[in-house]
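Here the structure comes first, spelled out in structure tokens, and everything after it is commentary.
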Amino acid sequence: KGSSAEIIPFLKTWVNLPLAIGFMIVYTKLANVLSKEALFYTCILPFIAFFWAFAFLLYPLKNSLHPTALADSLLHFLGPSFLGPVAILRIWTFCLFYV
């Protein structure tokens, strides 16, 4: 039922890579506009806010936020070839933390 190492290739290819490219583009544009100190705080504050939200909101509410029933029905409908993407959906909060 849970997800394990089979989702790592999907996360790295379809989530990590596009987000890394997007961050690089945004960072480059911000580096041309902001001072070094402002750029630092602009980049670090969203990370701090996310880790706070994960620790105090997402993780404690994981049982109600993870769409387990939807993932089960999608896996039944789509078949085992979609196990990776459906597993990402099943535990999306943990995948977001990984990314």
Side-chain angles (χ1 to χ4, degrees):
K1 281 283 185 176
S3 302
S4 59
E6 77 266 5
I7 66 171
I8 292 174
F10 292 97
L11 279 175
K12 286 189 176 278
T13 305
W14 299 109
V15 182
N16 246 3
L17 183 63
L19 286 177
I21 292 170
F23 177 79
M24 182 185 62
I25 292 169
V26 170
Y27 182 85
T28 304
K29 291 187 185 288
L30 287 175
N32 292 330
V33 177
L34 301 175
S35 68
K36 287 184 181 184
E37 183 179 359
L39 180 63
F40 172 77
Y41 287 115
T42 302
C43 290
I44 201 75
L45 286 178
F47 283 102
I48 292 171
F50 170 76
F51 288 120
W52 182 90
F54 186 85
F56 296 108
L57 298 174
L58 294 177
Y59 187 75
L61 297 173
K62 68 182 180 288
N63 292 332
S64 59
L65 291 175
H66 290 170
T68 306
L70 174 65
D72 289 340
S73 62
L74 277 175
L75 191 58
H76 180 8
F77 179 73
L78 297 173
S81 59
F82 285 89
L83 180 65
V86 172
I88 290 172
L89 175 68
R90 180 185 307 274
I91 57 166
W92 70 270
T93 59
F94 300 143
C95 294
L96 190 63
F97 185 82
Y98 172 78
V99 170

- prompt: Any idea how Phe51 and Phe97 line up, ring-wise: parallel (<30°), tilted (30 to 60°), or perpendicular (>60°)?
  reply: perpendicular
message: How close do Pro67 and Arg90 get, counting heavy atoms only, and between which atoms?
response: CD-O, 4.0 Å
- request: To the nearest 0.5 angstrom, please state how far the CH2 atom of Trp92 sits from the CG atom of Leu58.
  value: 5.5 Å
task: Anything under 30° is parallel, anything over 60° is perpendicular, the rest tilted; go ahead and classify His66 against Phe94.
output: perpendicular
query: Do you reckon Phe50 sits in the same ILVMFWY cluster as Phe40, going by side-chain contacts under 4.5 Å, direct or chained?
result: no
message: Within this structure, what is the OG-CG distance for the pair Ser81 and Leu75, rounded to the nearest 0.5 Å?
response: 9.0 Å
message: Can you tell me how far apart CD1 (Ile44) and CG (Leu39) are? Round to the nearest 0.5 Å.
response: 11.0 Å
query: Out of curiosity, Leu45 CG to Thr42 OG1, how far, rounded to the nearest 0.5 Å?
result: 7.5 Å
Side-chain touch Cys95/Val15, heavy atoms, less than 4.5 angstrom: no
task: State whether the number of non-hydrogen atoms from other residues, nucleotides or ligands found under 6.0 Å of Lys62 atom NZ is greater than 12.
output: yes
Side chain to side chain, Phe54 and Leu96, heavy atoms closer than 4.5 Å: no
query: Are Ile21 and Pro18 side-chain neighbours, meaning at least one heavy-atom pair lies under 4.5 Å?
result: no
- prompt: Considering all heavy atoms of both residues, which atom of Tyr59 and which atom of Ala55 are nearest to each other, and what is their separation?
  reply: CB-O, 4.5 Å
task: Indicate, with yes or no, if Tyr41 and Ile48 share a hydrophobic cluster defined by side-chain heavy-atom contacts under 4.5 Å among Ile, Leu, Val, Met, Phe, Trp and Tyr.
output: yes
- prompt: Do Leu11 and Asn16 come close enough that some side-chain heavy atom pair is under 4.5 Å?
  reply: no
message: As an exercise, state the distance from CG of Asn32 to OG1 of Thr28, rounded to the nearest 0.5 Å.
response: 7.5 Å
Co-membership, hydrophobic cluster, residues Trp14 and Leu17, 4.5 Å side-chain: no
- prompt: Measuring from Leu83:CG to Leu74:CG, what's the distance to the nearest 0.5 Å?
  reply: 12.0 Å
- prompt: Are Val99 and Ile88 joined in one hydrophobic group, where the rule is that I, L, V, M, F, W and Y side chains link up if heavy atoms are under 4.5 Å apart?
  reply: yes
task: Determine, using the 4.5 Å side-chain heavy-atom cutoff (strictly less than), whether Tyr98 and Ile7 are members of one ILVMFWY cluster.
output: yes
